[in-house]
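What follows is a single structure, written as structure tokens, with notes after it.
So that the names make sense, note that chain A is the first sequence line, chain B the second, and so on, each numbered from 1.
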Amino acid sequence: MIRLYNTLTGKKEEFVPVTPGVMHMYACGVTVYDYSHVGHARGAVAFDVIQRYFRRRGYQVKYVRNFTDVDDKIINRAKEEGISPAAVAKKYIDAYQEDMKRLGVDRADVEPLATDHIREMIDVIKRLVEKGLAYPLNGDVYFRVKNFPEYGKLSKRNLDDMMAGARVEVDARKEYPLDFALWKASKPGEPAWDSPWGPGRPGWHIECTAMGFKHLGETFDIHAGGKDLIFPHHENEIAQSEGSSGKRFVNYWLHNGFVNINQEKMSKSLGNFFTIRDILDKYDAEIVRLFLLSTHYRSPIDFSDANLKDARAGLDRFYTMKEGVRNFLAGKKVPAVKPEEVIEAADRPLYEKIQNFGQTFEEAMDDDFNTALAIGILYDLVRDVNKYLAEIDQKNVQAAILLLTAARDAFDDVSRTLGIFLREPEEWFQGARLGESKVTLSVEQIERYIHERNEARARKDWAEADRIRKVLDEAGVALFDRAGGTVWKPK
RNA sequence: GGCGGCGUAGCCAAGUGGCUAAGGCAGAGGUCUGCAAAACCUUCAUUCAGCGGUUCAAAUCCGCUCGCCGCCUCCA
């Protein structure tokens, strides 16, 4: 049973799908006028794991994540760059897809563009006008907030509170200050579509209503986005959607916490942001992904060098274990014996723990997708496996093969759901880690040094062996003398 | 001003009524190693911002105080 925190009710609730066995989810994507920053990455990664998790739990998932490709900021950017708004959108959609691919975020099942749904938006607006929930005004159309009594139910504020706190000058033409635009008359030179109210373009909120309706239906299970979208975006979506359909729009609202820099929200307006690509030039994508998943998705997460380095150390630890298991199992066949016949009593609890690991993982994830807890129990098992490996010489070989094969499979299984720990150890140490390290020698040079050092070691010339170790150390290379030979890793 | 959230060890971070407060990083000691690293073992919060209250029982519920943050304007 999956329990999830619903912003609408302020509580964790049991997930009950609209259609048994099916999960329909809509996540607000990005407005494509610039490169995406790490804050965008957080939501994308969090909801990626959530949709993966529903699939793991057997749901037939339809996941929709849109692109907002018509907007003031896009128009401004187009003017700045001297290209069309459509070209701006295309450029940053491509960039976004590239960033997401690097972060291991799956493509959504549907990735709709606002501009492909103008017809549907106009239909919704027409319905709202017919029902008295919207009114045209000089080519614009506004939502009539006062006629939607439940306005404020998501963000938990009432109209008076909002009026009192209004920080923006209101357009005096509007019937009521909180009425918001569904449709905007276009100015000359701006993108425009024909409508019953004259040429114009959609307001921001209406696209999600139209695309949600079209791809997921008038009532669907989950709508997700960043906490900053609760008001006004999602509040307005509810008003438009429920106002026009007369039905409950969304059953569960999920909102991710912010990425902070020094306790402050990362945002464009504060200027304290890093683009995803900037960060991926400095840190391997898997580090960033693990970092983001190490904190519960609703909590704020502080983006800092120290925290990313923690994540890197965690990956080192995991891949070291994976390497140990893989090396032991290499070339060994799984024996056709029953585990209970060969695994000694002292190791039975560990074997059971491994067997139940998928279930333990699901208990963590069932509780509002607690990836932080899930990663915690995963490290717990890493230690157990390392301990077993340290004592492997005293183990029955058949027992060891069975137990470590089970461990490997258990890790692979949860890794696929989290989208981390999926590489081979070499890819991590000699690929990703080398790529971001400051190693100043070529692989060939390193290997030549190792060869020389091993010759020195063979003749017990420890001084020379240590000298070479030091040379490599200064070049950013760490050496490890293992039973099977010397291996190296970037420091 | 309105509304909402947060404050757990040196750092990161789970835990929201009841077994010894997960896990990681860093630190200390040890095993192993020619040296080293990794790994393993031991150690590392009688205590959960502070003060009161409810309860047989609270980090977990309630109240107040302090500190921090977010939304109310585009924002993931």
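A straight line from CZ of A:R298 to P of B:G4 spans 16 Å, rounded to a whole angstrom. B:C11 atom P lies 12 Å from atom CD of A:Q263, rounded to whole Å. Between the NE2 atom of A:H255 and the P atom of B:C71 there is a distance of 13 Å, rounded to whole Å.
Spacing between B:A14 and B:G24 at atom P, rounded to whole Å, works out to 15 Å. Straight-line distance between the P atoms of B:C69 and B:C74: roughly 23 Å, to the nearest whole Å. Between the C1' atoms of B:G23 and B:C64, the separation comes to 35 Å (whole Å). B:G5 and B:C44 have their P atoms separated by 36 Å, with the value rounded to a whole Å. Atom C1' of B:U33 sits at a distance of 50 Å from the matching atom of B:A76, rounded to the whole Å.
Between A:F303 and A:F274, the ring center distance clears the sub-6.0 Å criterion.
OP1 or OP2 of B:G2 has not a single side-chain nitrogen or oxygen of A:K156 nearer than 4.0 Å. Contact annotation: A:N386 does not reach the phosphate of B:A38 (side-chain N/O to OP1 or OP2, under 4.0 Å).
Classification of A:D305 and A:K282 as a salt-bridged pair holds, one side-chain N sitting under 4.0 Å from a carboxylate O.
Applying the 3.5 Å distance criterion, the base of B:A36 shares a donor-acceptor pair with the side chain of A:R469. One N or O donor and one acceptor, one from the side chain of A:D466 and one from the base of B:G34, sit under 3.5 Å apart.
In this structure, A:L293 and A:T371 approach most closely via the heavy-atom pair O-OG1, 2.7 Å.
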Listing time: all N or O pairs from protein to nucleotides 24-26 of chain B that are below 3.5 Å?
| unit_1 | atom_1 | unit_2 | atom_2 | d |
| --- | --- | --- | --- | --- |
| B:G24 | N2 | A:D310 | OD2 | 3.1 |
| B:C25 | O2' | A:D310 | OD1 | 3.0 |

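Note on A:K227: nothing from the nucleic acid sits closer than 4.0 angstrom, heavy atoms only.
Here the rule is salt bridge (Lys or Arg N to Asp or Glu O under 4.0 Å) with A:D284, and of A:R423, A:R312, A:R102 only A:R423 fits it.
Partners of A:R469 by side-chain contact (heavy atoms from CB on, under 4.5 Å), not counting sequence neighbours, listed by chain and number: A:R453, A:L479, A:D481. Take A:N256 and apply the side-chain contact (heavy atoms from CB on, under 4.5 Å) test, not counting sequence neighbours, and it matches A:R42, A:F47, A:Y297.
Residues A:K12 and A:F480 each lie close to RNA chain B; by heavy-atom proximity, the contact nearer the 5' end of the strand is made by A:K12.
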